[in-house]
Amino acid sequence: MSAEASGAEDFGLRLAERGGLTNFGTVGLIVREQATVGEAIDAFSRFIHIHHDGMRLDVARSKQTVTIITMRLRGRKPSAPRQSIDVALGSVHRIIQSLFGHDWRPQEVHLHHPPPRDRKRYREFFGCRVIFNARDDAIVLSAHDMERRIPNAHPLIASYLRKRIETIETRPASWEQKVDEVVRLLLAGGDCTVERVAEHLACTRRTIHRRLAASGTSFSAILDAQRADLVIQLIDDPGRPLADIAMQLGFSAQSAMARWFRSRFGCTITEWRKGVRPVTAPPTATAA
């Protein structure tokens with residue numbers, strides 16, 4: 001309707017241009033932390049239904065030199081609006097491009113709908129040959145592209161996120177479980193605040209505080225438990241600076257994390273790394 005009212009035949013592409021990994025919430029986090037572009041695409045295919053229940057991404061690897069990524073909108077009819085396809089495939093293109101850098105281009109893009117009046121817009125957006133009236137909606141990549149390593153990816157965080165996001169497939173019933181689920185995923189991405197949690201749950205921060213109080217807990221209690229769960233995994237990596245860990249967990253400074261850690265675990269981080277463990281096991285995170 002917006003495309004018709006505005007006369008912008010490329011309305012779907014315009015929406016896709018404004019998107020990126022952050023638009024895919026927790027799914028975007030796990031994609032970002034994969035070691036290679038191929039692993040990132042596999043993770044995106046594996047978990048996209050959690051973000052958008054109607055979307056499917058099929059990855060077909062040939063024995064030759066290309067990989068085909070095909071978008072399928074569940075239940076789609078041949079007469080489905082072209083804008084839905086353009087924004088979906090355009091968003092996937094933007095995500096892959098963000099993993100490579102803006103100089104990357106696919107080999108071909110296939111779209112099942114007829115060509116628009118202005119094909120140039122599509123060629124400029126995708127940066128390659130665009131085939132219309134195709135059998136599938138697909139992005140064609142070089143198989144070599146899949147081996148490209150992603151700068152700043154962290155295998156530990158990727159593993160942590162994978163375990164956590166798999167639990168989302170069995171949706172929690174209570175508000176305490178819902179908030180707990182989102183907090184542990186956002187913490188792993190280094191951007192966890194009550195405002196961000198509220199965005200993911202499509203409500204206000206006041207609603208979260210009220211619902212959690214009715215359940216006998218609080219946002220700060222859940223955040224504290226999830227911090228404790230993640231910090232002991234992060235500090236086991238000697239190559240990860242403590243200042244970076246403190247920033248990821250939302251502390252104002254490394255010293256603030258150090259005080260919290262000692263209070264929580266009964267020893268310093270240095271002592272913990274040397275094998276010192278508290279006499280009493282620390283409180284565990286809320287069960288999902």
Side-chain angles (χ1 to χ4, degrees), residues 1-32 37 40-41 43-45 47-60 66-142 145 191 195-196 198-204:
M1 291 173 62
S2 296
E4 291 177 0
S6 64
E9 198 173 14
D10 63 338
F11 195 84
L13 292 184
R14 297 190 188 196
L15 287 178
E17 275 184 327
R18 296 176 177 272
L21 279 174
T22 55
N23 292 79
F24 287 85
T26 51
V27 176
L29 293 178
I30 193 171
V31 170
R32 185 186 65 188
V37 170
I41 291 174
F44 193 46
S45 174
F47 296 113
I48 184 57
H49 69 281
I50 293 175
H51 176 78
H52 189 318
D53 188 54
M55 186 182 293
R56 292 296 181 270
L57 181 66
D58 299 330
V59 181
V66 298
T67 299
I68 301 178
I69 302 173
T70 305
M71 292 301 305
R72 299 188 186 277
L73 297 181
R74 193 176 65 182
R76 191 189 75 195
K77 298 179 180 180
S79 59
R82 65 189 301 152
Q83 308 302 332
S84 299
I85 302 303
D86 286 357
V87 70
L89 202 65
S91 295
V92 173
H93 174 269
R94 292 279 293 179
I95 287 173
I96 299 174
Q97 192 173 58
S98 73
L99 300 176
F100 276 101
H102 288 288
D103 58 336
W104 173 84
R105 299 292 184 270
Q107 292 188 345
E108 289 181 348
V109 167
H110 298 177
L111 292 167
H112 86 279
H113 59 65
R117 292 185 298 274
D118 183 8
R119 300 189 185 204
K120 181 181 178 182
R121 176 75 177 97
Y122 283 76
R123 290 195 299 270
E124 290 177 344
F125 179 90
F126 292 108
C128 67
R129 181 189 179 199
V130 180
I131 300 174
F132 297 94
N133 292 317
R135 184 181 65 179
D136 293 310
D137 301 298
I139 297 176
V140 182
L141 304 158
S142 165
D145 287 345
D191 184 20
E195 289 81 10
R196 291 281 288 126
E199 288 177 11
H200 277 260
L201 296 178
C203 66
T204 66

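Throughout, residue positions are numbered sequentially from 1 according to the sequence presented. None of these values were measured; they are calculated from a predicted model.
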May I ask you to test the [X]-[Y] pair for a side-chain heavy-atom distance under 4.5 Å?
X	Y	result
Val37	Asp145	no
Tyr122	Asp86	yes
Ser2	Gln83	no
His110	Val140	yes
Phe125	Arg94	yes
Val92	Phe44	yes

What residues, two or more places apart in sequence or in another chain, satisfy salt bridge (charged side-chain N to carboxylate O under 4.0 Å, His left out) together with [X]?
X	answer
Glu4	none
Arg117	Glu9
Asp191	Arg196

Would you name the heavy atoms of [X] and [Y] that are closest together and state the gap between them?
X	Y	value
Gly90	Ala16	C-CB, 3.6 Å
Phe132	Pro114	CD2-O, 3.8 Å
Cys128	Gln107	CB-O, 3.8 Å

> Asp58 and Asp136: side chain to side chain contact (heavy atoms under 4.5 Å, CB included), yes or no, with the steps?
Replying inline: CA-CA 11 Å; Asp58 299 330; Asp136 293 310; over 6 Å; no
>> Thr204: which residues meet the side-chain contact (heavy atoms from CB on, under 4.5 Å) condition with it, sequence neighbours left out?
In response: Arg206, Thr207
>> Using the side-chain contact (heavy atoms from CB on, under 4.5 Å) criterion, which residues pair with Ser45? Sequence neighbours excluded.
In response: Leu57, Val59
> Only one of Arg121, Arg119, Arg123 clears salt bridge (charged side-chain N to carboxylate O under 4.0 Å, His left out) with Asp10; which?
Replying inline: Arg121
Nearest 0.5 Å please: distance from the [atom1] atom of [X] over to the [atom2] atom of [Y].
X	Y	atom1	atom2	result
Ile85	Leu13	CD1	CG	12.0 Å
Leu111	Leu89	CG	CG	6.0 Å
His113	Asn133	NE2	CG	9.5 Å
Met1	Ser6	CE	OG	11.5 Å

>> Applying side-chain hydrogen bond (donor to acceptor under 3.5 Å, both in side chains), can you list everything that pairs with Arg105, at least two apart in sequence or on another chain?
In response: none
> Can you say whether the rings of His93 and Phe126 are parallel (under 30°), tilted (30 to 60°) or perpendicular (over 60°)?
Replying inline: perpendicular
> Do His112 and Asp137 have a side chain donor and acceptor closer than 3.5 Å?
Replying inline: yes
